[in-house]
Amino acid sequence: MFHNKIPIFALQFKNFSKMGVLKRIKIKDVLDSGAVGSEVLIKGWVRFFRNNRFIVINDGSSINNIQAVADESVINAELIKKITVGASVAVTGKLVESQGSGQSVEIIASHVEVIGVADPEKYPLQPKKHSLEFLREIAHLRFRTNIFGAVTRVRHAMIFAVHEFFTKKGFVNIHTPIVTGSDCEGAGEMFRVSTLDAKNPPLKEDGSIDYSKDFFGRETNLTVSGQLEGELAALAMSDIYTFGPTFRAENSNTARHLAEFWMIEPEMAFYELTDNMDLAEEFLKYLLNYALENCIEDLQFLSKRQQEEEKNKPQDQRSMELIEKIKFVIDNDFARITYTEAIEILANSKPAKKNQFQYPIKGFGTDLQSEHERFLVEKHFKRPVILTDYPKEIKAFYMKQNQDGKTVRAMDILFPGIGEIVGGSQREESLEKLENRMKELNLPVDEMWWYMDTRRFGSVPHSGFGLGFERLMLFISGMGNIRDVIPFPRTPKNAEF
RNA sequence: UCCUCAGUAGCUCAGUUGGUUAGAGCGGCGGACUGUUAAUCCGUAGGUCGUAGGUUCAAGUCCUACCUGAGGAGCCA
C-alpha cells in the first residue's frame, strides 16, 4: 500500500539479483506492475487449487490473489497431491494476460515447488465462508483469510498514519511505563504485577501481603492509561503523544471491550478545550482519509463483507455503506454540544416523551447511557458528536473545573455504531483546585507528588485525549466485534495464543 | 457481572408433541476431468449430540448445575 506503481523496466531490473538469480516479488507488486512478459518468482500460500491446473496464491501483500497455470509437464501426479489449500509454494513463470475472466493477469508456471505441505485432513481452513467465531478459535491461522488479511493491512496503515500525523505536527512520541505504581489513574480495575509466591506471599504483622518484599518494593499494576506520565512530558516538550498497550481488568463482555488494547494519548501544553477538540477532529479525519487513500481495495472488500453480513437485517438496521460512511465523517463537521444541552435535547426527544428510554433522563447529573448516546449520534445529529462540560461528579479528578462549580472541561467524541471513541479533557492546572478535588475524592495526594509538581512549577493550561485504537479499527473496517480487529484478543476467560 | 439465546460430523446447519438404525451441504478420502473462478461429475468414510447429574419403559429432545460462545446491558477507550 506504500508502493507506487513500478514501471516495467524497473520491475525487470529489480527482478534479478546481482548474480542474475530471479528474486521473489510480492504479489501486490506483480499485479501493480502490469509487467506482462516478465519472468517472475512468487512465493505464498495456496488459496485454491482447481482442475489440477490452476493454483491460486496469496502472500498477504494484497487482498488480490495471483493465479498460476501449471501444465502436466510442470507438475506431476506426485506434486499435485502436495498442492493443497494452505500449502506454501514458490512459482516461477512468465506473467501473461489471462485467458480466463476472473483475473487480468496470471503466471504461466515453468517451475512449481511446494515449500511446506498442509495436510488437508487436518488443515482447518476450507475454501468457503467460515464464521468469525470459528476463526477466532484459530486466531493463529486466520491471517490467511481475506477478512483478516484486509483488517491486518488496514490496521498497519492506521498505525503508520497515527505516527505520520503527529510527526507532521511536531509532536514527540513518548513511551510511558507499562508497569505502574500509581493506583489512582481512575480508569477501572487493574492487573497486579508481582513476583511474590502466590501460594505463600510474605505477610505483614496484620496479616496483609507485604509488598515491600515484592520485585519493585511496592504494589504494582499494569497501566490503564499513560496520561499522567504523558502530562509530565507535555509540560516540557509542549506536544507529545503515546501509542501503547493498556490493560483493564474489568469483566466486560461486549463487542467493544478488550482487557488489553492499544490507546493513542496526545497531551498538549497551552491547549484549551476547543484546541483539544479541533485536534481530535482533525486527527480522526486524517486517519480516515489516509485509509481511503491507501487501503481502498481492502476497504472495498470489507464493505462487501459487511453488506453480505447485513443482507438479512431489515433495511433500517443496516449500516451505511463503509466507504460512503467514512467519506461522510470526513466531509462533515462534528456536532459540538455541552452535556447540559444534550440533556435538554434528550429530555425533549420523542423517545423520552414516549417513555422509550430504558434509563429515563432525570435532568442534570444523569449519566448518559448507550441508548442516549446512540440517539444523539444516530437519530438527532446523524453525525459524530462531541459532548463537553460534563458534571464533575461523573468525570475524573484531573479535569479542569469550570467557573460554574458544577462542570468540568471534558470532551467525549461519540461515533455512530461505536459509542465513545475519544475521551479527553482540559486538565486542571491549578495546584490548589487539583489538591482540593483529590482530597474530596480521597485520592492519595502525597503519593502523587510527582504529578503535583507539574502544577507547582511552571504550570500551564494543557489538554489531551485518549483514542481507543481498536474502536477506530471497528469504525474503519466495518467489523462488528472488537475481537476481530486485533490479532490476538485478550478478553475475560480468553488468553489463548 | 446481569438478561436472553445457542452448543449435533473438520466447517455451516436440519432433527416434529420425548419413540426404531441421528441427516444434508461444504470439506476430506478414492476416481474422472488440460481454461478453472468457493470448478464440476461419480463413489465413499466420518458423530460419547458441550460437561456432569437427574426425570422416564425410553432423552439430541424435558429438568438442574457448570463450561464455552453470541446478542443486549453495565463499566469504559
Side-chain angles (χ1 to χ4, degrees), chain A residues 47-56 65 67-75 77 80-81 84-86 96 98-103 106 108 118-138 145-146 185-189 224-227 244-265 280 313 317 357-359 367-374 394-396 412-415 418-424 465-475 480-486 491-494 496:
Chain A
R47 284 291 179 83
F48 305 104
F49 183 38
R50 292 187 286 258
N51 210 345
N52 285 357
R53 192 158 190 229
F54 302 98
I55 312 167
V56 180
N65 307 318
Q67 172 167 286
V69 186
D71 279 349
E72 276 172 337
S73 60
V74 176
I75 46 171
I80 282 173
K81 289 212 165 190
T84 60
V85 174
V96 299
S98 177
Q99 296 172 36
S101 56
Q103 56 284 318
E106 64 193 10
I108 301 297
D119 182 348
E121 280 194 70
K122 292 176 184 153
Y123 187 66
L125 287 170
Q126 301 166 18
K128 71 165 221 172
K129 248 189 202 120
H130 289 289
S131 68
L132 293 169
E133 291 85 353
F134 173 67
L135 293 175
R136 246 170 256 158
E137 288 168 19
I138 51 164
T145 64
N146 284 331
E185 287 172 10
E189 293 294 308
V224 292
S225 165
Q227 181 199 315
T246 305
F247 307 87
R248 305 267 166 99
E250 299 287 350
N251 193 5
S252 295
N253 291 287
T254 79
R256 289 180 289 284
H257 289 85
L258 291 165
E260 177 183 293
F261 64 99
W262 291 73
M263 191 154 61
I264 298 142
E265 296 180 289
K313 283 192 179 178
Q317 282 176 35
F357 284 134
Q358 196 190 332
Y359 297 85
D367 208 349
L368 297 183
Q369 307 294 324
S370 296
E371 56 177 349
H372 306 136
E373 296 179 351
R374 212 170 272 157
I394 59 175
K395 286 292 176 184
D412 285 0
I413 302 185
L414 311 177
F415 259 39
I418 313 286
E420 187 179 342
I421 194 167
V422 163
F465 62 84
L467 168 72
F469 186 61
E470 283 77 18
R471 294 225 175 137
L472 171 81
M473 282 302 302
L474 276 181
F475 184 79
N481 193 313
I482 201 160
R483 292 159 211 201
D484 298 330
V485 296
I486 187 168
T491 53
K493 303 269 186 282
N494 183 7
E496 188 73 60

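Here the structure is a predicted model, which is why all the values come from computation and not from measurement.
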Have a look at [X] and say if it touches a base, only the backbone sugar-phosphate, or nothing, with a 4.0 Å heavy-atom cut-off.
{"X": "N52(A)", "answer": "base"}
{"X": "L467(A)", "answer": "nothing"}
{"X": "Q103(A)", "answer": "base"}
{"X": "R47(A)", "answer": "nothing"}
{"X": "E72(A)", "answer": "base"}
{"X": "V422(A)", "answer": "sugar-phosphate"}
{"X": "E373(A)", "answer": "nothing"}
{"X": "Y359(A)", "answer": "sugar-phosphate"}

What closest approach, in Å, do D367(A) and I394(A) show between heavy atoms, and which atom pair accounts for it?
->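 Heavy atoms of D367(A) and I394(A) come nearest at OD1-CD1, 3.6 Å.
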Shortest non-hydrogen contact between E373(A) and L368(A), atoms and distance | OE2-O, 4.2 Å
Taking the same atom, [atom1], in [N] and in [M], what whole-Å distance lies between them?
{"N": "A45(B)", "M": "A38(B)", "atom1": "C1'", "answer": "23 Å"}
{"N": "U44(B)", "M": "U55(B)", "atom1": "C1'", "answer": "41 Å"}
{"N": "G27(B)", "M": "A9(B)", "atom1": "C1'", "answer": "11 Å"}
{"N": "A22(B)", "M": "G46(B)", "atom1": "P", "answer": "13 Å"}
{"N": "G15(B)", "M": "C49(B)", "atom1": "C1'", "answer": "11 Å"}
{"N": "G74(B)", "M": "A6(B)", "atom1": "P", "answer": "24 Å"}
{"N": "C75(B)", "M": "A59(B)", "atom1": "P", "answer": "47 Å"}

With sequence neighbours excluded, what pairs up with [X] under the side-chain hydrogen bond (donor to acceptor under 3.5 Å, both in side chains) test?
{"X": "R136(A)", "result": "D484(A)"}
{"X": "N481(A)", "result": "none"}
{"X": "E106(A)", "result": "Q67(A), S98(A)"}

Sequence neighbours excluded, which residues qualify as ring pair (Phe, Tyr, Trp, His ring centres under 6.0 Å) partners of [X]?
{"X": "H130(A)", "value": "F134(A)"}
{"X": "F415(A)", "value": "F334(A), F475(A)"}
{"X": "F469(A)", "value": "F243(A)"}
{"X": "Y123(A)", "value": "none"}

Between the base of [N] and the side chain of [X], is there a donor-acceptor distance below 3.5 Å?
{"X": "Q99(A)", "N": "G35(B)", "answer": "yes"}
{"X": "E106(A)", "N": "G35(B)", "answer": "yes"}
{"X": "R53(A)", "N": "U36(B)", "answer": "no"}

Identify each atom pair where a protein N or O and an N or O of nucleotides 1-5 of chain B are less than 3.5 Å apart, giving names and distance.
residue : atom : partner : partner atom : Å
U1(B)   : OP1  : N251(A) : ND2          : 2.4
U1(B)   : O5'  : N251(A) : ND2          : 3.4
U1(B)   : O4   : N251(A) : O            : 3.4
U1(B)   : O4   : N253(A) : N            : 3.3
U1(B)   : O4   : N253(A) : ND2          : 2.9

Among [options], which nucleotide sits nearest the side chain of [X]?
{"X": "P120(A)", "options": "C75(B), A70(B), G28(B)", "value": "G28(B)"}
{"X": "R136(A)", "options": "C76(B), G69(B), U36(B)", "value": "G69(B)"}
{"X": "I108(A)", "options": "A39(B), C75(B), G35(B)", "value": "G35(B)"}
{"X": "R483(A)", "options": "G30(B), C29(B), A70(B)", "value": "A70(B)"}
{"X": "S370(A)", "options": "A77(B), U34(B), A73(B)", "value": "A73(B)"}
{"X": "Q67(A)", "options": "G27(B), U37(B), C75(B)", "value": "U37(B)"}
{"X": "N51(A)", "options": "C33(B), G71(B), G69(B)", "value": "C33(B)"}

If we only count heavy atoms from C-beta on, is the R248(A) to F261(A) side-chain gap below 4.5 Å?
->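 With C-beta onward as the side chain, the pair touches.
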Does a side-chain N or O from R50(A) land closer than 4.0 Å to OP1 or OP2 of U36(B), or not?
->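 Answer no for this pair, as no side-chain N or O of R50(A) is under 4.0 Å from OP1 or OP2.
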Establish, with yes or no, whether the OP1 or OP2 oxygen of A38(B) is under 4.0 angstrom from a side-chain nitrogen or oxygen of N146(A).
-> no
Pairing string of RNA chain B (Watson-Crick or G-U wobble, both atom distances under 3.5 Å; | = paired to other strand) is (((((((..((((.....[...)))).(((((.......))))).....(((((..]....))))))))))))....
Ring stacking, F469(A) with base of A77(B), under 5.5 Å and under 30°?
-> no
Does the ring center of F357(A) lie less than 6.0 Å from the ring center of H372(A)?
-> yes
d(CZ, R256(A); C1', A77(B)) in whole Å | 11 Å
Can you name the residues that form a salt bridge (charged side-chain N to carboxylate O under 4.0 Å, His left out) with R47(A), not counting sequence neighbours?
->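 By the salt bridge (charged side-chain N to carboxylate O under 4.0 Å, His left out) rule, R47(A) matches no residue at all.
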Is the backbone of E250(A) close enough, under 3.5 Å, to the side chain of E189(A) for a donor and an acceptor to pair up by distance?
->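 No, the answer is negative, given that no donor and acceptor are paired below the 3.5 Å cut-off.
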Residues forming a side-chain contact (heavy atoms from CB on, under 4.5 Å) with A70(A), sequence neighbours excluded |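 With neighbours one apart ignored, the set is I55(A), I75(A), A109(A), V112(A).
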Which residue lies more 5' along RNA chain B, comparing E371(A) with K395(A) via nearest heavy atoms |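 That would be E371(A).
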Below 3.5 Å between N/O atoms, which protein atoms pair up with nucleotides 8-11 of chain B? Just atom names and distances, please.
residue : atom : partner : partner atom : Å
G10(B)  : N2   : Q126(A) : OE1          : 3.2
G10(B)  : N2   : Q126(A) : NE2          : 2.3
G10(B)  : N3   : Q126(A) : NE2          : 3.2
C11(B)  : O2'  : H130(A) : ND1          : 3.3
C11(B)  : O2   : K128(A) : NZ           : 2.6

